[in-house]
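Since the structure comes first, as structure tokens, the remarks are kept for the end.
As a basis for the values below, the full set of heavy atoms in this structure was taken, side chains included, without hydrogen atoms, waters or symmetry mates. In what follows, every chain begins at residue 1, and chains take the letters A, B, ... in the order their sequences are listed.
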Amino acid sequence: MSYLRIAGLGVAYAKPRKGAAGNAVDALSLAVPQGQLVSLLGPSGCGKTTTMRAIAGLLAPAAGRIELAGQDITHLPAHKRDIGLVFQSYALFPHLSLFDNVAFGLRLRKMDAAELTRRTLEALTSVGLADYADRLPAQLSGGQQQRVALARALVIRPRLLLLDEPLSNLDARLRVEMRAELRRLQRESGITMLYVTHDQDEALSLSDRIVVMRDGRIEQDDTPAVLYNRPATPFVATFMGFENLFERARLPLAMNLPPAVTHVAWRAQAVAVQAPGHKGLQGTVQSRSYAGDRLEFWVQTAAGALRGVAPADAAPWGEGDAVSLAIDIGRAALIGDDRTIPST
Amino acid sequence: MTGGSRPGWFCAAALALALIFLVGPFFVVFIAGFSGEETLVFPPRSLSWRWMAHIFTVESFAASLRTSLVVAVVSTVAALLLGVPAAYVLVRRNFAGKELVRTLLTLPIIVPGIIVGLALLNYMVLVYDMPVTASLLVGHTAMLLPYTVRVVSGSLNNLRLDIEDAAVTLGATRLRAFWLVVVPNIRGGLISAAVLAFITSFNQVPVSLFLTGPGISTLPIEMLAYMETNYDPSIAALSTLMVLFTIIVVAGMERFFGFTRHV
């Protein structure tokens, strides 16, 4: 039995767009088991934030049903849901100290003073900010503010924690640091979390499961490993970093494929750029870029432009040079409308 | 030639001229208020406190000052009670005709006060037989509403939307969230709106002119009436006190709340 269950959720656009038919979120169904961290992943405008706001009760769905721990909460007012929300912009109360920000939810629950102080300080300690309890949010860095927002949402021990791109305003190093911290907080608290992001690295490193969304619908709902290796649709393949995507009829090389396969995709790492004359696809270098341990090439071939790699110390070719490409058939992702396509 | 000095002189002259226009009349009134003469002349040949003292003996001034203060306080409160929710809806919600409502709310500023006063007189006093004080309150509230809506809208525009949502997800109702996280953060705007409204009402003439009646009048209207029969410097003395009162209120608010930031 799933802990959070969404069935046939539909949310209309806040402002109806001229010419745009349909909903911001359409016929979306989703199940999250207790204690897991599930990500909603997709480009901006795909409906992931809308879905999350509907779960929090900040938006009224036009259709569908939301259940939490067996209770139908579709029409429960937001303030009675006990669902925490961490905002991209932190949304700390600017007039309150960190202590009062974190204690906000507990005060509304009429907790006695001693217990309130104990739990607030405990929450601030768990994010490493107990020493800053008297400061105002404006006196903190972005990373610290986001930690306070987390503590504020976690201290009420919500039944579910929603996180809306919580790390996207932080710099790259801090983002990676905060991922680990989030994971730790999730394990320690055991709170079920739904995480919205457009960053596939973030989703892959954090999630028990990832739901890829596009245009208000779910494209694929799988574990990170399955999503990374076996994208179900061309959209997911592109989004997960398969730079080379081919329709079945336009493959760059002969393959023996099951009938259900419609597309085949390779990551750049599965395409080796070699000296011309090697067996394989022949082409001309369009551009090259340095990527540390390797060089990445765009190579124009008879089958179209392909992205490939070569070791940085053994790739003398520049723009306009002839090269050959060795595509690793074994690392192909087979995409089709049939989930019985064998794993490759 | 650097060309720096000529525009500098020009700007300085323009600024000086603007200040003379703004402060000059007050300067004249201020001096005249301390005149020792029997009639209003400038410059006075002698100075004294006698007219300053005299205004406190005029019964109609005291009565109309009370009316003015009551009307200013009550209509300010009313304009805030109506204006804050209106500003909130205009800033936070989208609905058809929003721009029209916004424009309508600024009408009392654009339409001459004489016309507003006449319209209110026609409807409330003549048709519905409303008492003078009540009609004054309604008229003043209508005149103040644009100010409270504008000032509070400005504060709300600068306040992030998401903190209300955050408060709601933490267990506050929408109304509670408004009191706990919106009001404290627009406090400066609320106080500024109140001060601006109070001063506007206190100094209001055109609307009051139509709505005051026999026996009940506001201070500015009573001063007009007094001038028609007495041409002595007590009006200048009283004007001086009113201007000083306004300056003290505004300066105090500026000092404690940064009043002019919000207006």
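Both the backbone and the side chain of A:Arg152 come within less than 4.5 Å of a heavy atom of chain B. Interface residue B:Ala167: backbone and side-chain heavy atoms are both found under 4.5 Å from chain A. Heavy atoms of B:Leu180 lying under 4.5 Å from chain A belong to its backbone as well as its side chain.
Within a 6.0 Å radius of CG in A:Asp134, no more than 12 heavy atoms belonging to other residues, nucleotides or ligands are found. In B:Phe26, the CZ atom is crowded: over 12 heavy atoms of neighbouring residues, nucleotides or ligands sit closer than 6.0 Å. Heavy-atom contacts from other residues, nucleotides or ligands closer than 6.0 Å to OH of B:Tyr88 number more than 12. Annotation for B:Phe95: atom CZ counts as buried by contact number, over 12 foreign heavy atoms lying within 6.0 Å.
In terms of heavy-atom proximity, A:Ala91 sits nearest to B:Ala166 at O-CB, 3.9 Å. Here the closest non-hydrogen pair linking B:Arg160 and A:Leu92 is NH2-N, 4.1 Å. Among all heavy-atom pairs drawn from A:Ala56 and B:Thr169, the shortest one is CB-CG2, 4.5 Å. Taking every heavy atom of both residues into account, B:Ala172 and A:Leu108 meet most closely at N-CD1, 3.5 Å.
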- Candidate pair B:Leu170 and A:Phe93, rule side chain to side chain contact (heavy atoms under 4.5 Å, CB included), full reasoning: CA-CA 12 Å; B:Leu170 290 169; A:Phe93 307 129; 4.1 Å; yes
- Message: Between B:Val181 and A:His95, is the side chain to side chain contact (heavy atoms under 4.5 Å, CB included) condition met? List the steps.
- Response: CA-CA 8 Å; B:Val181 304; A:His95 63 299; 4.2 Å; yes
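Atom CG of A:Leu58 and atom CD of B:Glu164 lie 11.0 Å apart (nearest 0.5 Å).
The shortest side-chain heavy-atom distance between A:Pro94 and B:Ile163 falls under the 4.5 Å cut-off.
Residues of residues 74-87 of chain A that come within less than 4.5 angstrom of chain B, heavy atom to heavy atom, are A:Ala78, A:His79, A:Ile83, A:Leu85, A:Phe87 in numerical order.
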